[in-house]
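Note sheet for the following structure.
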There are 2 protein chains.
Amino acid sequence: MSSKLDGVALANGLERVVSLLRRLAPGEGVSLAKAATLRTLDTHGPCRVSELAALDGVTQPAMTQLVSRLEHDGYAERRSCEGDARVVMVHLTAAGADLLRRRRAARAGLLAQLTERLSADDRTALEAALPALDRVAAYHTDSGSTST
Amino acid sequence: MSSKLDGVALANGLERVVSLLRRLAPGEGVSLAKAATLRTLDTHGPCRVSELAALDGVTQPAMTQLVSRLEHDGYAERRSCEGDARVVMVHLTAAGADLLRRRRAARAGLLAQLTERLSADDRTALEAALPALDRVAAYHTDSGSTST
DNA sequence: TATTGTTATACTCTATAACTATA
DNA sequence: TATAGTTATAGAGTATAACAATA
């Protein structure tokens, strides 16, 4: 009788795993908000502040401040836009790209560590669910490709 | 060649879905931090502040403040502990339990909405991955049962 | 002295409203 | 007047360090 996908179980399973990841992954020195913006910059290339804000789902003022912090950290930089002096283009720096690489490696290692204790069936099930997970995420996001 | 579970893809898929959920679920009036604590109280029953802090992965001072906010909201309350006057027991109120119920219903509905557009195969894959997801989450968490 | 919890302080992250500069 | 971005201000959430009360 329970061949229906249980939304509650899925939501809770997702949150628990993600919260576990966050607790175990030291964060590589940046917060989630910063990492998300760096990821967006990496995926989309240079963006305006307003564009970044929309893609990350925060307000323009919030993104202004986030970009300032990223700039202060050396992970992003502001450049002016030829043709429209109002626009600020935000670019990922080499240090920012490096950081992303390290974060990805760390998280992949952590996940590998966590999943290697699973049964082969469980691992197979997780792997098989990945495309579906991506499609769920992409449905309303439309923020870009699936390969962050 | 790719029968190995890709940690990067899994981590990103998880984060994207969860971040989508957070953006789409209005939150039912409480933040993630508050909801997580209420969930822990619901799962474990009355807890000390230090216990809550450990279970939620935050510091004791952070939990003290969170409990104060929850108490102010009417979702939790402090009670003294017979036998040890240093200990504060935090209890979920009826309003807190109600809130949890509403949140779960809202999220389940949202997830159902998101997943009903998936193919039957995708839904099946997600459902099949749930137990594995739970086991990953439970591995280091040990926070209790799987039925939040 | 050790444990439990709180207070003090500071920083990140977010929002809304008001502002500046350019178009 | 509309658009892009910033600044001002406020609040949630977090951490570390210092503190009070109890054991």
Side-chain angles (χ1 to χ4, degrees), chain A residues 15 18-19 22-41 46-91 99, chain B residues 15 18-19 22-41 46-91 99:
Chain A
E15 283 222 342
V18 170
S19 112
R22 286 183 182 158
R23 249 182 288 165
L24 296 184
E28 282 288 321
V30 288
S31 66
L32 292 169
K34 284 178 179 175
T37 301
L38 292 179
R39 231 167 17 231
T40 303
L41 284 174
C47 290
R48 318 168 149 214
V49 171
S50 51
E51 203 178 348
L52 270 182
L55 289 171
D56 276 13
V58 299
T59 60
Q60 204 176 56
M63 187 49 70
T64 287
Q65 294 186 26
L66 193 42
V67 168
S68 295
R69 286 192 294 268
L70 286 172
E71 203 168 24
H72 177 266
D73 292 341
Y75 298 137
E77 60 184 16
R78 286 178 165 93
R79 293 190 201 157
S80 53
C81 170
E82 301 180 19
D84 192 337
R86 297 172 302 179
V87 172
V88 168
M89 297 301 291
V90 184
H91 291 248
L99 184 79
Chain B
E15 282 223 342
V18 170
S19 113
R22 287 183 182 157
R23 248 182 289 167
L24 296 184
E28 282 288 320
V30 288
S31 66
L32 292 167
K34 284 178 180 175
T37 301
L38 292 179
R39 232 169 14 234
T40 303
L41 284 175
C47 290
R48 320 168 148 213
V49 171
S50 51
E51 203 179 348
L52 270 182
L55 289 170
D56 276 14
V58 300
T59 61
Q60 207 177 55
M63 186 49 70
T64 285
Q65 294 185 28
L66 194 42
V67 168
S68 296
R69 287 192 294 268
L70 287 172
E71 204 167 24
H72 177 265
D73 292 341
Y75 297 137
E77 60 185 16
R78 285 179 167 92
R79 293 190 201 158
S80 54
C81 169
E82 302 179 17
D84 193 337
R86 295 171 302 181
V87 173
V88 168
M89 296 301 291
V90 185
H91 290 249
L99 184 80

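In this text the structure is predicted, and so the values were computed from the model without any measurement. Sequence lines set the chain letters: A, B, ... in the order given, protein chains first and strands last, and positions in each chain run from 1.
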**Request:** Could I get the full list of side chain to side chain contact (heavy atoms under 4.5 Å, CB included) partners for Arg78(A), not counting sequence neighbours?
**Result:** Thr64(A), Val67(A), Ser68(A), Glu71(A), Val88(A)
**Request:** Rounded to the nearest angstrom, tell me the gap between atom CE in Met89(A) and atom P in dG5(D).
**Result:** 9 Å
**Item:** Spacing of His91(A) atom NE2 and Glu77(A) atom CD [to the nearest 0.5 Å]
**Value:** 7.0 Å
**Item:** Counterpart residues, side chain to side chain donor-acceptor pair (under 3.5 Å), relative to Arg86(A) (two or more places apart)
**Value:** Asp84(A)
**Request:** With sequence neighbours excluded, tell me which residues meet side chain to side chain donor-acceptor pair (under 3.5 Å) with Thr59(A).
**Result:** none
**Request:** Could you check whether Thr59(B) gets within reach of a base, just the sugar-phosphate, or nothing at all, counting any heavy atom under 4.0 Å?
**Result:** base
**Asked** When rounded to the nearest 0.5 angstrom, what is the spacing between CG in Asp56(B) and NZ in Lys34(B)?
**Response** 14.0 Å
**Request:** Would you please name every residue forming a side chain to side chain donor-acceptor pair (under 3.5 Å) with Gln60(A), sequence neighbours left out?
**Result:** none
**Request:** Walk me through it: do Val58(A) and Leu66(A) pass the test side-chain contact (heavy atoms from CB on, under 4.5 Å)?
**Result:** CA-CA 10 Å; Val58(A) 299; Leu66(A) 193 42; 5.5 Å; no
**Side chains of Thr37(B) and Leu70(B) in contact at under 4.5 Å (non-hydrogen atoms)** = yes
**Item:** Contact list for DNA chain D against residues 63-73 of chain A - heavy-atom distance below 4.0 Å
**Value:** Thr64(A), Gln65(A)
**Complete:** Whole-Å distance, Gln60(A) CD to dT3(D) C1', equals 9 Å
**Message:** Looking only at the side chain of Pro61(A) (C-beta and beyond, no hydrogens), which of the listed nucleotides dT7(D), dA15(C), dA17(D) gets closest?
**Reply:** dT7(D)
**Prompt:** Glu51(B): what forms a side chain to side chain contact (heavy atoms under 4.5 Å, CB included) with it, not counting sequence neighbours?
**Reply:** Cys47(B), Arg48(B), Leu55(B)
**Prompt:** Given dG5(D), is OP1 or OP2 found less than 4.0 Å from the side-chain N or O atoms of Ser50(A)?
**Reply:** yes
**Complete:** Lys34(B) NZ to dT14(D) P, in whole Å, measures 11 Å
**Request:** Using atom CD of Glu51(B) as one end and atom P of dT3(C) as the other, report the distance to the nearest whole Å.
**Result:** 16 Å
**Request:** For DNA chain D, find the residues of residues 78-88 of chain A with a heavy-atom distance under 4.0 Å and give them by number; none if there aren't any.
**Result:** Arg78(A), Arg86(A), Val87(A), Val88(A)
**Prompt:** Of all the choices, dG5(C), dA15(D), dG5(D), which nucleotide is nearest to the side chain of Arg48(A) once you look at every atom?
**Reply:** dG5(D)
